[in-house]
Amino acid sequence: MLAQVITGQEIVAATQQVGLFELRLDYWQAIDMARVEKLIASTPLPVILTLRPMSEGGRYQGSESTRIAWLKKLITLSPAYIDLEHTVADGVIDELHAINPPVKIIRSYHHFTETPLDLTAALAALHHPAVHTYKLATLANSTLDALRMLVFVQQHDNVVGISMGEYGSCTRILAPVVGGCWTYASENEESAIAPGLLTIAEMVRIYRYSHLNLQTKIFGLIGNPVAQSDGHLFHNAYYQQHASNAVYVKFRLTKPELAEFFQLIKTLPIYGLSVTMPLKESVQPFVHQIDTTAEKVGAVNTLSIKNGKVFATNTDVMGVLQPLEQRTQLKAKSVLVIGAGGAARAVIYALRNAGASITIINRDTNKAALLAEKFDCRSDAKYFDIVINTIPDNQETSAFIQEIVNENVTSRTLAMDIVYKPRETRFIQHAKIRGAEIIYGEEMFLAQALEQAKLFQKN
Ligand code: ATR
């Protein structure tokens with residue numbers, strides 16, 4: 001269920017998918033009982049009343065005794081729920097419960113600097129017989145923290161478990177998939193009061209929140225960074241088009257975290273992963289079976305997970321070929337590849353297989369020579385039909401790229417970038433000036449993502 005957080009004094013559902021409102025009374029200048037009563041009466045949906053003190057991340061500045069006095073008044077207004085922090089003593093909970101027993105009590109626990117290792121112990125410490133729902137909101141300092149929260153929610157009933165912060169978005173999106181009671185979302189970006197809180201529009205339009213349930217299959221992206229990736233937009237739109245009960249989220253992850261990551265996801269319904277830098281090579285020890293393409297490229301960009309077994313492949317190969325083959329025949333074409341990193345390998349393997357002759361140019365010429373040897377790229381071409389950039393688009397690479405483009409790109413060249421953000425990379429800009437035919441990075445992105453989505457559908 002989607003809970004819309006409201007800091008103002010009006011209740012307007014952002015979409016029909018909202019199932020619950022949380023009135024954050026600590027954001028009000030002064031508490032107006034008549035107004036609160038009117039707001040509760042104005043909606044058929046359940047309302048949570050929250051008067052969060054500063055010490056628990058809220059805005060309420062009065063003394064604790066005044067706050068408790070307010071809570072005792074507020075509970076008489078018969079909201080569906082009232083949120084009481086773990087700092088509220090057991091005896092006070094008893095008193096509040098006695099005032100209006102039908103009001104469901106949420107006991108909430110916040111940790112703003114970390115996620116405790118033992119969340120089950122944290123939950124046990126909150127136990128009180130009058131409590132209806134337990135809410136744990138802790139800062140995730142890594143994706144592993146967020147995954148621990150997801151596993152925790154999966155294992156307990158009547159729990160709202162949220163990881164706060166940038167790493168925690170997946171716990172907010174995936175709440176219905178792991179059986180969390182509800183998830184909070186803000187009406188818009190301005191009203192996003194908690195770190196990592198997503199907007200209702202994002203939840204509904206991108207992640208199709210109202211379609212997610214305990215049967216939903218989770219897919220995702222692992223790598224670092226992942227913020228720039230459009231994978232979540234592509235894959236979630238694909239699931240919508242194909243009426244698949246699936247969702248795609250991003251997991252920012254580093255190499256040293258891989259072992260624990262694969263351990264943690266064992267109990268979660270994760271059926272496939274896209275893999276991006278810097279994990280395309282380091283993920284391989286965690287794979288049960290690798291296909292010939294990924295093995296020969298020496299890099300993995302797709303993992304399918306079936307019955308606990310991890311299968312690896314590389315759809316970048318198909319992704320680079322498709323846009324090129326739509327425009328030209330690759331056999332015997334002369335191709336210049338800029339870069340000799342992980343991304344270049346899939347490009348070189350794909351083009352070698354298609355019968356092109358390849359020259360690799362790289363700042364570190366030894367790396368280029370090693371790659372040329374590995375993929376049997378013997379070429380002394382001086383003229384290139386196709387020039388493909390595989391190195392990052394930034395200020396530092398700018399001069400290097402410009403020089404190569406000026407020397408090798410003409411109006412007869414097919415110039416392709418595999419970088420898709422920004423769309424107009426420096427490479428593309430320089431190649432345009434030279435009058436080349438352009439293939440934007442997004443074409444490769446879409447081709448490899450589509451191939452991946454089709455593979456995921458089989459899981
Ligand atoms: P990826 O796997 O995304 O290709 P990578 O393996 O780190 O990432 O490779 C980055 C590529 O960009 C390499 O070809 C790198 O050149 P070196 O092999 O000489 O390091 C290239 N690159 C990075 N910074 C560069 C710069 N400032 N100028 C030129 N090339 C650069």
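The figures here come from the full heavy-atom set of this structure, side chains too, leaving out hydrogens, waters and symmetry mates. Just follow the structure's listing: the first ligand is 1, and inside any ligand the first atom is 1. This chain uses plain numbering: 1 for the first residue, then up along the sequence.
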**Q** Looking just at side-chain N and O atoms, do Glu257 and Thr143 make a donor-acceptor pair shorter than 3.5 Å?
**A**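 There is no such pair between these side chains.
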
**Q** Give the residue, atom name and distance (to 0.1 Å) of the protein heavy atom nearest atom 11 (C) of ligand 1.
**A** Ile391 CG2, 3.7 Å

**Q** Under 3.5 Å, is there a donor-acceptor pair between the Asn301 and Thr315 side chains?
**A**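 Yes, side-chain donor-acceptor contact under 3.5 Å.
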
**Q** So if I count the atoms of ligand 1 from 1 in the order they appear, which ones are less than 4.0 Å from some heavy atom of Pro392?
**A**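 Selected atoms, number and element: 12 (O).
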
**Q** Using a 4.0 Å cutoff against the non-hydrogen atoms of Glu396, which atoms of ligand 1 qualify?
**A** 27 (N)

**Q** Any N or O on Phe400 sitting closer than 3.5 Å to an N or O of ligand 1?
**A** no

**Q** For Met277, take its heavy atoms, then give the atoms of ligand 1 lying under 4.0 Å from any of them.
**A** 2 (O), 3 (O)

**Q** Which atoms of ligand 1 are found less than 4.0 Å from any heavy atom of Lys367?
**A**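 Atoms satisfying the 4.0 Å criterion: 17 (P), 18 (O), 20 (O).
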
**Q** For a quick check under 3.5 Å, do Ser304 and Lys458 share a side-chain donor-acceptor pair by atom type?
**A**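 Lys458 and Ser304 do not have a side-chain donor-acceptor pair below 3.5 Å.
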
**Q** Among all protein heavy atoms in this structure, tell me which lies nearest to atom 4 (O) of ligand 1, with the distance rounded to 0.1 Å.
**A**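 Of every protein heavy atom, Ala343 N, 3.2 Å lies nearest to atom 4 (O) of ligand 1.
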
**Q** Could you list the residues that satisfy salt bridge (charged side-chain N to carboxylate O under 4.0 Å, His left out) with Glu166, not counting sequence neighbours?
**A** Arg252

**Q** Could you check which of Ala299, Gly342, Ala340 puts a non-hydrogen atom nearest to atom 6 (O) of ligand 1?
**A**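 Among Ala299, Gly342, Ala340, the closest heavy atom to atom 6 (O) of ligand 1 belongs to Gly342.
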
**Q** Among all protein heavy atoms in this structure, tell me which lies nearest to atom 9 (O) of ligand 1, with the distance rounded to 0.1 Å.
**A** Gly341 CA, 3.4 Å

**Q** Decide whether Tyr209 and Thr183 meet the rule of one side-chain donor and one side-chain acceptor closer than 3.5 Å.
**A** no

**Q** Taking only residues two or more places apart in sequence or in another chain, which ones pass side-chain hydrogen bond (donor to acceptor under 3.5 Å, both in side chains) with Gln154?
**A** Thr267

**Q** At a non-hydrogen distance cut-off of under 4.0 Å, which region of Arg363 contacts ligand 1 (side chain, backbone, both, or neither)?
**A**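 Within the 4.0 Å criterion, Arg363 contacts ligand 1 through backbone and side-chain atoms alike.
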
**Q** Do Thr199 and Asn188 have side-chain N/O donor and acceptor atoms under 3.5 Å apart?
**A** no

**Q** Report the nearest protein non-hydrogen atom to atom 16 (O) of ligand 1: residue, atom name, distance rounded to 0.1 Å.
**A** Asn362 OD1, 3.2 Å

**Q** Under a 4.0 angstrom heavy-atom cut-off, which atoms of ligand 1 come close to Asp364?
**A**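 Contacts of ligand 1 toward Asp364, numbered from 1: 18 (O), 19 (O).
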
**Q** Output the list of atoms in ligand 1 that are nearer than 4.0 Å to some heavy atom of Gly339, sorted by atom number.
**A**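 Checking each atom against Gly339, I get 14 (O).
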
**Q** So, Asn224 and Thr254: side-chain donor and acceptor under 3.5 Å apart, yes or no?
**A**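 No.
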
**Q** Going by atom types only, do Thr87 and Glu85 share a side-chain donor-acceptor pair under 3.5 Å?
**A**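 No pair is found: no donor N or O on one side chain lies under 3.5 Å from an acceptor on the other.
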
**Q** For atom 14 (O) of ligand 1, is the nearest protein heavy atom under 4.0 Å away?
**A** yes

